[in-house]
Peer 1: 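The structure follows.
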Amino acid sequence: EKMHEKMFYTVYQSHLGELMMQLCQQFDLDEGRLWRKVGEISLQILEQIAADPLFREQSREDQAFLFQSKVPLKALVTMRLHPDQEHYCRVTNPLDHRNICSLA
């Protein structure tokens, strides 16, 4: 679970989220459309990984986490106030599977 939280925050929310914001501002692009494309590509990669029986179960778990409706977002201010532990709040997932795919 911790690995999923860290991966989602670092890769999707922090890095890709910043790219999305800049692309939308600079080129007047639709953020939802960009997130759908990121979701489609992510799903394709996870499906390729799932094709290997050795990684099928883990890939399905990754898919379930990646495309859930709410995801953990680091509560950075709370973490500054209480630096002894990590704090998260649940937010709407831009990759919510209902917008991307139907998980089988």
Side-chain angles (χ1 to χ4, degrees):
E1 185 176 337
K2 282 290 181 199
M3 186 278 306
H4 282 132
E5 291 170 354
K6 290 181 183 300
M7 179 273 307
F8 195 86
Y9 177 78
T10 303
V11 174
Y12 288 88
Q13 292 175 324
S14 185
H15 290 80
L16 291 176
E18 182 66 25
L19 284 171
M20 297 288 178
M21 186 178 72
Q22 294 299 321
L23 288 169
C24 291
Q25 288 177 355
Q26 296 296 318
F27 301 105
D28 195 32
L29 298 174
D30 180 277
E31 184 178 357
R33 188 172 178 196
L34 293 176
W35 279 116
R36 280 189 294 281
K37 192 63 176 172
V38 167
E40 290 169 7
I41 293 167
S42 298
L43 181 61
Q44 288 171 358
I45 292 167
L46 287 168
E47 289 295 336
Q48 289 172 354
I49 294 168
D52 184 329
L54 242 116
F55 302 110
R56 184 169 294 129
E57 183 179 335
Q58 184 60 53
S59 180
R60 297 296 180 216
E61 289 176 20
D62 293 345
Q63 281 185 42
F65 182 88
L66 190 61
F67 296 107
Q68 64 187 313
S69 62
K70 299 275 187 183
V71 289
L73 175 67
K74 280 190 176 183
L76 297 175
V77 173
T78 303
M79 289 171 66
R80 289 280 185 185
L81 295 171
H82 304 281
D84 55 319
Q85 57 185 334
E86 291 184 331
H87 298 273
Y88 292 86
C89 56
R90 308 252 337 143
V91 298
T92 300
N93 183 357
L95 299 177
D96 183 342
H97 71 276
R98 291 169 289 190
N99 298 325
I100 306 299
C101 63
S102 174
L103 293 178

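Quick caveat: nothing in here was measured; it's all calculated off a predicted structure. As a basis for the values below, the full set of heavy atoms in this structure was taken, side chains included, without hydrogen atoms, waters or symmetry mates.
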Peer 1: With the 4.5 Å side-chain cut-off for hydrophobic clustering, are Phe27 and Leu34 part of the same group?
Peer 2: yes
Peer 1: With sequence neighbours excluded, what pairs up with Arg80 under the side-chain contact (heavy atoms from CB on, under 4.5 Å) test?
Peer 2: none
Peer 1: Are Glu86 and Lys2 within salt-bridge range, i.e. N to O under 4.0 Å?
Peer 2: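 A salt bridge links Glu86 with Lys2.
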Peer 1: Side chain of Thr78, backbone of His87: donor and acceptor closer than 3.5 Å?
Peer 2: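 Here the side-chain-to-backbone pair does not exist.
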Peer 1: For residues Leu43 and Val11: do they belong to one hydrophobic cluster (side chain heavy atoms under 4.5 Å, members Ile, Leu, Val, Met, Phe, Trp, Tyr)?
Peer 2: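 Yes; tracing contacts between hydrophobic side chains, which count when under 4.5 Å, links both residues.
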Peer 1: Fit a plane to each ring of Phe8 and Phe65, take the angle between them on a 0 to 90° scale, and name the class: parallel (under 30°), tilted (30 to 60°) or perpendicular (over 60°).
Peer 2: perpendicular
Peer 1: Regarding Glu57 and Arg60, does a basic nitrogen lie under 4.0 Å from an acidic carboxylate oxygen?
Peer 2: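 Looking at Glu57 and Arg60, the cut-off is not met.
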Peer 1: Consider only side-chain heavy atoms of I, L, V, M, F, W and Y, link residues closer than 4.5 Å, and tell whether Leu81 and Tyr88 are in one cluster.
Peer 2: no
Peer 1: Would you check if the side chain of Thr10 reaches a backbone N or O of Lys6 as a donor-acceptor pair within less than 3.5 Å?
Peer 2: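 Yes, Thr10 side chain to Lys6 backbone: donor-acceptor pair under 3.5 Å.
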Peer 1: I'd like to check the side-chain hydrogen bond (donor to acceptor under 3.5 Å, both in side chains) partners of Glu18; sequence neighbours left out, ordered by chain and number.
Peer 2: Gln22
Peer 1: Roughly how far apart are Asn93 CG and Trp35 CH2, rounded to 0.5 Å?
Peer 2: 8.5 Å
Peer 1: When clusters are formed by joining ILVMFWY residues with side-chain heavy atoms under 4.5 Å apart, either directly or through shared neighbours, do Leu19 and Tyr12 land in the same one?
Peer 2: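 Same cluster.
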